[in-house]
Amino acid sequence: MSGEEFKDDYRRALPQALIQELTRRSAWRASAAVLADVAVLAAAIGIALAYWPNPLVLIPAIIIIGTRQHALFVIAHEAAHYLLYERRWLNDAVGRACAAAQGLSMCTYRVIHRLHHNNLYGELDPDTALHGGYPRGRSYLVRKLAKDLSGLTAWKTYAYFLGGAPALNTATNVAVRPLGDTSAKLREEARSDRNMVIALHVAALLAFAASGYLVQYLVLWLLPLVTVVQAILRLRAIAEHGATTDFSSPLTAARTNLGPVWLRWLIFPHNVNYHVEHHLYASVPQYNLPRLHAEMKRQGILEGAQVISFRQTLGKIFADRPKMVTVTIRIA
């Protein structure tokens, strides 16, 4: 429907039969991904509570919890794209639950994220303020990540994912409010979802305070959300789009980051590292992205694309800011 779709840029580049196969939803694979994250969260929280308040257990637990909270956000991202389940009500119910547990609104995110996809690096891209302008020097990004880990930037994330208010786009000096490109249905769903998320977390605070587990809730759930998750979100967003120079196509304005399994588990869960492929074929579920990558590579579609190792990406985004060249013209 108009005002709700995520555009695919290369729908005709691969055979239509292959695209139909790759875009097919798998309920069991989607459910398995959600359950795997929930299982790790439950195990980490259970172990931390068993050894409470041993810092040698708490610190690793907080890190692991943060990585799985971020993984559930990636699941919510899948739901925002309508990619979890064929049944829309089930897709949205699971996606909203994964986001709401973190104090985020999947429906609000859907409103903003489709504008990012449909206007990548354009004036209406609400994410340019986060990943644009790199490289800015190693110390700049280190300071930003340290600030994220301190919890001081979490309010910006909640303004974006809950309040629907992206940061100022410094390239255009416009704070994008992407409602003009959105259907009335999505706008109403976003408002309703925000109210539900707020009510849920007020109730959670009251319930944990009444149960005597308020400190454990704050340390083992809210603390990873406002620290670990913030740093991962920033690093991943910049790795996906930062330090690119050709904005004419997702092939060069987005980046696929390759790396070992442990790295993908920590920073790029659920195949979110295949970001070029995701931008080109936003209708392909995450579990089919590796095959999509292989097919595109086999057919030469990824030639000239930003498909590099995460180590190379770090070199790009942590590089020194390009020096301005001054040209002096002498007039005889």
A.B. asks: Would a distance-only check, ignoring hydrogens and angles, find a side-chain to backbone donor-acceptor pair under 3.5 Å from His201 to Gly103?
C.D. replies: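 Side chain of His201 to backbone of Gly103, a donor-acceptor pair under 3.5 Å: yes, one is there.
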
A.B. asks: Can a donor-acceptor pair be found, under 3.5 Å and without considering hydrogens, that links the side chain of Gln299 to the backbone of Leu14?
C.D. replies: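 Such a contact is absent between Gln299 side chain and Leu14 backbone.
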
A.B. asks: Starting from the C-alpha separation in whole Å, work towards a yes-or-no answer on side-chain contact (heavy atoms from CB on, under 4.5 Å) for Thr313 and Ile308.
C.D. replies: CA-CA 7 Å; Thr313 295; Ile308 60 177; 3.4 Å; yes

A.B. asks: Can a cation-pi geometry be assigned to Arg25 and Tyr85, taking NZ or CZ under 6.0 Å from the six-membered ring centre and within 45° of the ring axis?
C.D. replies: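 So Arg25 doesn't make the cation-pi contact.
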
A.B. asks: With hydrophobic residues grouped by side-chain heavy-atom distances under 4.5 Å, do Ile63 and Leu149 end up in a single group?
C.D. replies: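 No, Ile63 does not connect to Leu149 through the hydrophobic network.
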
A.B. asks: Give a yes or no on whether the backbone of Gln286 and the side-chain of Glu78 come within a donor-acceptor separation of less than 3.5 Å.
C.D. replies: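 Confirmed, Glu78 side chain pairs with Gln286 backbone.
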
A.B. asks: How long is the straight-line distance from CH2 of Trp52 back to CD of Gln216, given to the nearest 0.5 Å?
C.D. replies: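 Taking CD in Gln216 and CH2 in Trp52, the distance rounds to 4.5 Å.
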
A.B. asks: Do Tyr281 and Leu289 touch side chain to side chain, with heavy atoms closer than 4.5 Å?
C.D. replies: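 Contact flag for Tyr281/Leu289 side chains = no.
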
A.B. asks: Side-chain contact test, heavy atoms from C-beta onward, threshold under 4.5 Å: evaluate it for Leu223 versus Leu218 and give yes or no.
C.D. replies: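 Sidechains of Leu218 and Leu223: no contact.
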
A.B. asks: Compute the centroid of each ring, for His81 and then for His278, and state whether the two points are separated by less than 6.0 Å.
C.D. replies: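 Yes - the distance between ring centres of His81 and His278 falls below the 6.0 Å cut-off.
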
A.B. asks: Can you name the closest pair of heavy atoms from Ala80 and Arg110 and give their distance?
C.D. replies: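 Heavy atoms of Ala80 and Arg110 come nearest at O-NE, 2.9 Å.
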
A.B. asks: What are the two closest heavy atoms between Asp193 and Ser105, and how far apart are they?
C.D. replies: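 Minimum heavy-atom separation between Asp193 and Ser105: OD2-OG, 2.9 Å.
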
A.B. asks: With a 4.5 Å cut-off on side-chain heavy-atom distances among I, L, V, M, F, W and Y, is there a chain of contacts connecting Tyr287 to Val38?
C.D. replies: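 Tyr287 does not cluster with Val38.
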
A.B. asks: Measure up the Tyr217 and Phe208 rings against each other and bin them: parallel (under 30°), tilted (30 to 60°), perpendicular (over 60°).
C.D. replies: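 Judged by the thresholds at 30° and 60°, the geometry between Tyr217 and Phe208 is parallel.
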
A.B. asks: Do the non-hydrogen side-chain atoms of Trp221 and Ile45 ever get within less than 4.5 Å of each other?
C.D. replies: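 In short, these two side chains touch, coming nearer than 4.5 Å.
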
A.B. asks: State, with a plain yes or no, whether a side-chain heavy atom of Phe73 is found less than 4.5 Å away from one of Leu225.
C.D. replies: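 They are not in contact (no side-chain heavy atoms under 4.5 Å apart), so the answer is no.
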
A.B. asks: Indicate yes or no for a side-chain donor-acceptor contact from Ser31 to the backbone of Trp28 under 3.5 Å, with no hydrogens or angles considered.
C.D. replies: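 No, because the side chain of Ser31 does not come within donor-acceptor range (under 3.5 Å) of the backbone of Trp28.
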
A.B. asks: Backbone N or O of Arg234 within a donor-acceptor pair of the Asp148 side chain at under 3.5 Å?
C.D. replies: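 No, because the side chain of Asp148 does not come within donor-acceptor range (under 3.5 Å) of the backbone of Arg234.
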
A.B. asks: Identify the residue among Thr67, Leu235, Val272 that makes a side chain to side chain contact (heavy atoms under 4.5 Å, CB included) with Ile267.
C.D. replies: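 Exactly one pass, corresponding to Leu235.
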
A.B. asks: Does the structure place the NZ or CZ of Arg264 under 6.0 Å from the centre of the six-membered ring of Phe268, at an angle of no more than 45° from the ring's axis?
C.D. replies: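 Geometry flag: not set, cation outside 6.0 Å or 45°.
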
A.B. asks: Assess whether a salt bridge exists between Glu295 and Arg298, defined as any Lys/Arg side-chain N lying under 4.0 Å from an Asp/Glu carboxylate O.
C.D. replies: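 Answer for the salt bridge query: yes.
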
A.B. asks: Closest approach of Glu21 and Asn288, non-hydrogen atoms and distance?
C.D. replies: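 It is O-ND2, 4.1 Å.
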
A.B. asks: For the CG atom of Leu292 and the OH atom of Tyr274, what is their distance to the nearest 0.5 Å?
C.D. replies: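 Spacing of CG (Leu292) from OH (Tyr274) equals 10.0 Å.
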
A.B. asks: Mind telling me whether Tyr109 and His77 have parallel, tilted or perpendicular rings, with 30° and 60° as the class edges?
C.D. replies: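 Ring orientation, 0 to 90° scale: tilted.
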
A.B. asks: Rounded to the nearest 0.5 Å, what's the gap from CD1 on Ile47 to CG on Leu58? Could you check?
C.D. replies: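 Answer for the CD1-CG pair, Ile47 versus Leu58, is 11.5 Å.
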
A.B. asks: So which atom in Ala237 and which in His131 form the shortest heavy-atom distance, rounded to 0.1 Å?
C.D. replies: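 Answer, listing the atom of Ala237 first, then His131: O-CB, 3.7 Å.
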
A.B. asks: Can you hop from Val74 to Phe310 via hydrophobic side chains spaced under 4.5 Å?
C.D. replies: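 Yes, Val74 connects to Phe310 through the hydrophobic network.
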
A.B. asks: Answer yes if the side chains of Thr108 and Arg194 hold a donor-acceptor pair under 3.5 Å, and no otherwise.
C.D. replies: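 There is such a pair between these side chains.
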
A.B. asks: Within the side chain of Gln69, is there an N or O that forms a donor-acceptor pair under 3.5 Å with the backbone of Ala101?
C.D. replies: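 Absent.
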
A.B. asks: Find out whether Arg143 and Ser139 are in side-chain contact, i.e. whether some heavy atom of one side chain is under 4.5 Å from a heavy atom of the other.
C.D. replies: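 With C-beta onward as the side chain, the pair touches.
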
A.B. asks: Of all heavy-atom pairs between Arg236 and His70, which one has the smallest distance, and what is that distance?
C.D. replies: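 Minimum heavy-atom separation between Arg236 and His70: NE-NE2, 2.9 Å.
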
A.B. asks: Could you see if Leu280 belongs to whatever hydrophobic cluster contains Leu18? Use Ile, Leu, Val, Met, Phe, Trp, Tyr and a side-chain cutoff under 4.5 Å.
C.D. replies: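 Looking at the clustering, Leu18 is in the same group as Leu280.
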
A.B. asks: List the atom of Leu84, the atom of Ala79, and the distance in Å for their closest heavy-atom pair.
C.D. replies: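 Between these two residues, the closest heavy atoms are CD1-CB, 3.7 Å.
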
A.B. asks: Nearest 0.5 Å please: distance from the NE2 atom of His241 over to the CD1 atom of Ile317.
C.D. replies: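 The CD1 atom of Ile317 is 12.5 Å from NE2 of His241, to the nearest 0.5 Å.
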
A.B. asks: In Å, rounded to the nearest 0.5 Å, how long is the span from OG1 of Thr157 to CG of Leu104?
C.D. replies: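 Between atom OG1 of Thr157 and atom CG of Leu104 there are 8.0 Å.
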
A.B. asks: For a 4.5 angstrom cut-off between non-hydrogen side-chain atoms, does Arg136 reach Arg321?
C.D. replies: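 Yes. Closest side-chain heavy atoms under 4.5 Å.
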
A.B. asks: Around Arg29, counting heavy atoms of other residues, nucleotides and ligands shown, do more than 12 lie under 6.0 Å from its CZ?
C.D. replies: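 Above 12, so yes.
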
A.B. asks: Please answer whether the main-chain N or O of Leu251 pairs with a side-chain N or O of His279 as donor and acceptor at a distance below 3.5 Å.
C.D. replies: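 Between the backbone of Leu251 and the side chain of His279 there is no qualifying donor-acceptor contact (under 3.5 Å).
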
A.B. asks: I'd like to check Asn271 versus Glu277 (side-chain heavy atoms, cut-off strictly below 4.5 Å). Are they in contact?
C.D. replies: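 With C-beta onward as the side chain, the pair stays apart.
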
A.B. asks: Test of understanding: clusters of I, L, V, M, F, W, Y form through side-chain heavy atoms closer than 4.5 Å, transitively. Do Leu258 and Leu302 belong to the same one?
C.D. replies: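 Same cluster: Leu258 reaches Leu302 through Ile, Leu, Val, Met, Phe, Trp or Tyr contacts under 4.5 Å.
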
A.B. asks: First locate atom CG of Leu222, then atom CD1 of Ile65, and finally report the distance between them rounded to the nearest 0.5 Å.
C.D. replies: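 Leu222 CG to Ile65 CD1: 11.0 Å, rounded to 0.5 Å.
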
A.B. asks: Donor-acceptor pair, Ser309 side chain versus Gln312 backbone, under 3.5 Å?
C.D. replies: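 Indeed, once roles are kept as given, a pair shorter than 3.5 Å links the two residues.
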
A.B. asks: Hey, are the side chains of Asn257 and Leu263 touching, using non-hydrogen atoms and a 4.5 Å cut-off?
C.D. replies: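 Result no, sub-4.5 Å side-chain heavy-atom pair not found.
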
